Structure formats: structure tokens, C-alpha cells
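For clarity, every value in this text was computed on a predicted model and none was experimentally measured. For the single chain, residues carry numbers from 1 onward in sequence order.
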Amino acid sequence: MRKSIVSLLALALVAGLHLLSAPAASAAAYCGQVWGSFDKSAFGYPNGEVTGVRAGRHDCYDRLVLDVNAPLTGWSVRYVPVVTQDGSGLPVDVRGGARLEVVADAGVIPTDSWFVASGGRLVDTSAYRTFRDVVWAGSFEGYTTIGLGVRARLPFRAFVLAGPGSGSRLVVDVGHQWCATGTTC
């Protein structure tokens, strides 16, 4: 009997050690995304004007695009507690659980009124999975700011695409979630 108990304990110990030495499950990125939520930017000087703001829905992320009529060399995208107006510094009401401040080093054409339509709301986000609000925050001295409200602080990426023509596009993609369901990130 004693030999059976010792054998059983030894077997349990070996099984337990095997579990401890097994490799940890790796976190699977959501839709192949390996983005984070830290600030992203590129240094440059103001160039051109923002001519449009639009958004799109994708399987794994929501996308915001700022159209610029020249090559965009400077921009920044970051999570902030409050989005503020360019020039005045007054807070801008941006709906959502978290707010991204999207700044393009480009002004706007002063005669354009697209940015003040609907109380400064630029995109209807009611059908979006992640976006909650896209709000005009102003343009001052060659810099244009858009407030992007999202449902939570989620991973994002930001980059510039050339075109169409001699213009460019600042693209901000915000993931729908952090990682694949059933994994830990």
C-alpha cells in the first residue's frame, strides 16, 4: 500500500513538473495586428491644406482618412484625456470611452465650410464598431486637429499614403479589439 502511494505521488510530481515546463501559450494578434496604443508621429513642416475627412469600416478595424492636397510630412496621433481646439485651447466635446487627437501639419482652405457642418461632427459613426465620434477641433497656423472618439483605448496605427495626384492621405486605423478571442495579450 505504501509503495502504491509513493508511486502515485511520484507520478503526480512528474506530471506537475511537465505542466510547469510546458511552453506558455503565445498571444495571437487580432487579425494579424501587432499595433499598440502609444503616440505615433512624423516630424515635418506644414504643407498644403486638408481637403476632406472620411471614414471606412473594415473587418478588423475602423479607418479615418484625412485628404491633403500636398505631400504631408508632419503629423501626430495620440490618446488624450481631452481634445482641445486649435488656437483657443478650449475643450472639444468628443464622444467615446477614449479620444485620439489627430493632427495634420496642414491648414484648411478658409472658404471651406465642410468642417463646421453638423456642429463640427464630420462623420456619421452610428454604424461603426469602434468609432464613436469624428469632430472638427480647428485649424490654426498651418495645423489641423480632428478629435476621434473611440469606444475604448484600443490599438491603432497611423501612416501617410501618397496620392491621389500630388496629394497625400493621413490614415488612422483603430482595431476593434486588442487580441484574438480566447488568448491573452
Side-chain angles (χ1 to χ4, degrees), residues 29-87 92 94 96 98-117 120-125 127-178:
Y30 174 68
C31 291
Q33 297 169 2
V34 290
W35 313 336
S37 64
F38 292 119
D39 302 358
K40 293 158 182 65
S41 64
F43 176 77
Y45 294 99
N47 189 29
E49 289 90 24
V50 175
T51 59
V53 177
R54 55 197 164 90
R57 294 171 298 189
H58 297 266
D59 289 341
C60 301
Y61 55 88
D62 290 346
R63 172 171 281 182
L64 180 71
V65 178
L66 279 65
D67 295 309
V68 180
N69 65 2
L72 182 66
T73 59
W75 54 271
S76 69
V77 181
R78 64 188 182 123
Y79 279 103
V80 295
V82 176
V83 175
T84 58
Q85 288 180 354
D86 286 340
V92 176
V94 181
R99 286 146 215 70
L100 281 166
E101 176 187 73
V102 179
V103 178
D105 295 5
V108 295
I109 299 170
T111 58
D112 284 350
S113 61
W114 57 265
F115 51 83
V116 292
R121 302 239 149 24
L122 303 173
V123 176
D124 176 8
T125 58
Y128 285 76
R129 185 168 167 193
T130 296
F131 289 176
R132 295 296 180 258
D133 215 355
V134 180
V135 181
W136 174 255
S139 187
F140 185 71
E141 295 184 347
Y143 297 90
T144 298
T145 303
I146 305 295
L148 175 58
V150 295
R151 64 181 169 76
R153 186 176 176 128
L154 293 162
F156 73 94
R157 67 179 175 179
F159 55 94
V160 173
L161 293 173
S166 62
S168 58
R169 296 160 283 161
L170 174 57
V171 177
V172 180
D173 294 335
V174 182
H176 294 313
Q177 63 187 54
W178 272 100

Supply the atom-to-atom distance [X] [atom1] to [Y] [atom2], rounded to the nearest 0.5 angstrom.
X: S168; Y: W75; atom1: OG; atom2: CH2; answer: 12.0 Å
X: R129; Y: H58; atom1: CZ; atom2: NE2; answer: 13.5 Å
X: L66; Y: R54; atom1: CG; atom2: CZ; answer: 9.5 Å
X: W136; Y: Q85; atom1: CH2; atom2: CD; answer: 10.5 Å
X: E141; Y: D86; atom1: CD; atom2: CG; answer: 9.5 Å
X: T125; Y: R57; atom1: OG1; atom2: CZ; answer: 10.5 Å

Work out which heavy atom in [X] is nearest to a heavy atom in [Y]; give both atom names and the distance.
X: G142; Y: P46; value: O-CB, 3.5 Å
X: A98; Y: R153; value: CB-N, 3.6 Å
X: A137; Y: V92; value: CB-CG2, 4.0 Å
X: G44; Y: T73; value: CA-OG1, 3.5 Å
X: L72; Y: V160; value: O-CG1, 3.9 Å
X: F156; Y: F38; value: CZ-O, 3.3 Å

Contact between K40 and F159 at the side-chain level, heavy atoms closer than 4.5 Å - yes or no? no

T51 side chain to N69 side chain, donor-acceptor N/O pair below 3.5 angstrom: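 Side chains of T51 and N69: no pair found under 3.5 Å.
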
Will you find, in the side chains of T144 and S139, an N or O donor that is under 3.5 Å from an N or O acceptor?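 Yes, S139 and T144 have a side-chain donor paired with an acceptor closer than 3.5 Å.
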
Is there a side chain to side chain contact (heavy atoms under 4.5 Å, CB included) between W178 and L154 once you walk through the steps? CA-CA 6 Å; W178 272 100; L154 293 162; 4.1 Å; yes

Of Y128, F131, Y61, which is the lone residue that meets side chain to side chain contact (heavy atoms under 4.5 Å, CB included) with V174? F131

Only one of L100, V77, V94 passes side chain to side chain contact (heavy atoms under 4.5 Å, CB included) with L148; say which it is. L100

Hey, can you tell me if F43 and Y45 have their rings parallel, tilted or perpendicular (30° and 60° cut-offs)?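 Perpendicular.
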
Side chain to side chain contact (heavy atoms under 4.5 Å, CB included) evaluation trace for V102 with L170: CA-CA 9 Å; V102 179; L170 174 57; 3.9 Å; yes

Residues R121, D133: salt bridge by 4.0 Å N-O rule: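 Looking at R121 and D133, the cut-off is met.
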
